[in-house]
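A short write-up of the structure that comes next.
Convention: sequence-line order gives letters A, B, ...; per-chain numbering from 1.
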Amino acid sequence: MEALNLKLEQYEGPLDLLLSLIQKHKIDIFDIPIAELTEQYLSYIAETESYNMELSSDFICMASELTYIKSKMLLPVVPEEDPRKELVDALLEYRKAKLAAEFLQNRADEFFDRFTKEPDETDGIYEKKHSVDLLTEAFKNLGKRINISPENRVELFEKLKKERHFTVEEKIFFTLRFLFDESRHEFSSLFNACRTIGEIVAVFLALLQLVRSGRVNVVREGTETYLILIKNLEDAG
Amino acid sequence: MNPTQLDAALEAVLFASGSPVSLEKLSEIFCTDKTETADSAARVANRLEDGGHGIELIFVDGSYQLCTKACFAEHVKKALELRKTPPLTKASLEVLAVVSYNQPVTKSFIETIRGVDSDGIVNSLCDKGLIRECGHLDAPGRPTLFGTTESFLRCFGLESISRLPKIDLEEQITLLPDDMELTAKGQL
Amino acid sequence: MNPTQLDAALEAVLFASGSPVSLEKLSEIFCTDKTETADSAARVANRLEDGGHGIELIFVDGSYQLCTKACFAEHVKKALELRKTPPLTKASLEVLAVVSYNQPVTKSFIETIRGVDSDGIVNSLCDKGLIRECGHLDAPGRPTLFGTTESFLRCFGLESISRLPKIDLEEQITLLPDDMELTAKGQL
């Protein structure tokens, strides 16, 4: 058989390779001598492998399919349908795609490199007119949703609006005032005046800042923890 | 390239660039000297001056640019608006409904009501000029508050926010009285 | 507006829009009927055909668009500092062929026809804006469907998908008849 000086990379896949073989050997696609084609295909695969080139699984898959068709053709019983039919259909479909690709290639040569321009910028103010019904409709739909999920009530947010908030800054002053006498204060006593979790968090954050900046010393004695204000910064540590 | 080809190439380059291109850069692209390039630009500018052309070539700050002639601004604006404003989506309308009926509101309020992240929609409605930032809530993090704009009123034919139809919790919409509807229409 | 003004305004609008504008939209913008608009577009297209112009007016999928003439691609690419865009690979063209002739199609359809995995190519063609997701097949797993874009038509000089030539298995491509001119001139 003629040497196959074909390179793998030039084929898009097994169908592409098969079509080339068919074309090269002037095989009638509607009456493929499957044994011959399989032999050629396999020897191509073998040759590629002998160069230690990696073969995609698609090529291997096709090899087994061809072998399967070949074996079916050898059966003494005539199968109801030509075992080659599926392969032939696939080859014909793929050939159509290749022809279409060729057409597109020609068009691309002529037209692909036409460039368009980005749209000019506008201020983008929306100026379409709508009926207000659209809004009420949307709101009505939302109304249903609010009723379905009562935990998402508006009050949840109202609380946030009404509740007093404490800043860490104000609590730093609070803590400094609290410890002003420089005597030992029990750790927990600092939080005695706190009414909410938010306030406790603010005081604690304030304390952390003061400790970090060396204004407050935390002393541990046995199971008790005390806080002491440091007036002379050099005493810190 | 002969002068005609250079003119055409210059037009193509300026068109695709959209923004101004310097004389130097153009000369570099075409491998021409600056005088040649400037001459070509002058020819293109000259030809575009013809009343049948809607674009012109302008020279600003050492750079050339193609732009639409000012006299067509109205048509251009109309075209860009038509293009830029696909109708409001259902999600956008929902956000607008929440904002218009409850303003001023924060993003998290909108999200609580809608049950979904609404960040992108809020931003796009701001870009469209239908809602705007209008202060901060006196709460942790000082979240931004949003309210509707005059464009919003114009867009929905409302004289003021108080003209929004009342909606009661039975999900019944109290319709606008007839005369009010007329006023609203008058705004269109 | 007289015809000359209309031509100029149309050029201005198409320039500013950048993207394709439909015949309907243009007629709406200019308050002209479709025949008038199409006539104007044809005149503009005709005039831009002159060798001294670097841009052309094309008609794609019912819309008009200005674009640079392909022959100036080299200069435009230089100006836009585009790396030499690699020509479409054989594989990309195959995928485009399968999509354009059979759209909308799923990835697995493409792979069945080509006999090889096409995932990467499909994604890169989406990135290039030549194909796009256009829905889901009503089948288990609801696989994504792909179709071609307006850019595809422009890049391959097709007025619409229906202009794709029939392919028969005698390996003959039915060529586009000459009268199927692909610029807006054909609208005359």
Please determine, among C:Val13, C:Leu10, C:Leu6, C:Val21, the option with the most heavy-atom pairs under 4.5 Å with chain B.
-> C:Val13
Chain B: which of C:Gly54, C:Pro3, C:Gly18 shares the most heavy-atom pairs with it under 4.5 Å?
-> C:Gly54
Pick whichever of C:His75, C:Lys78, C:Gln5, C:His53 has the most heavy-atom pairs under 4.5 Å with chain B.
-> C:His53
Heavy-atom count around B:Glu150 CD within 6.0 Å, excluding the residue itself: above 12?
-> no
Whatever's closer than 4.5 Å to a heavy atom in chain B on C:Leu14 counts as neither
Are more than 12 heavy atoms from other residues, nucleotides or ligands located less than 6.0 Å from atom CG of C:Asp138?
-> no
Donor-acceptor under 3.5 Å (B:Thr106 side chain, B:Phe109 main chain) = yes
Without hydrogens or angle criteria, can the side chains of B:Ser92 and B:Thr89 be said to hold a donor-acceptor pair below 3.5 Å?
-> yes
What part of B:Arg43 is in contact with chain C, defined as an atom under 4.5 angstrom from a non-hydrogen atom: side chain, backbone, both or neither?
-> neither
Residue part contacting chain B, namely of C:Val76, when any heavy atom lies under 4.5 Å = both
Does a salt bridge link B:Lys69 with B:Glu56, judged by any charged N lying under 4.0 Å from a carboxylate O?
-> no
Among all residues two or more places apart in sequence or in another chain, which pass the ring-ring contact (aromatic ring centres under 6.0 Å, His included) test with C:Phe146?
-> none
Chain C interface, residue from B:Lys25, B:Glu11, B:Glu74 that has the most non-hydrogen pairs under 4.5 Å = B:Glu11
C:Ile55, part contacting chain B, at a heavy-atom distance under 4.5 Å = both
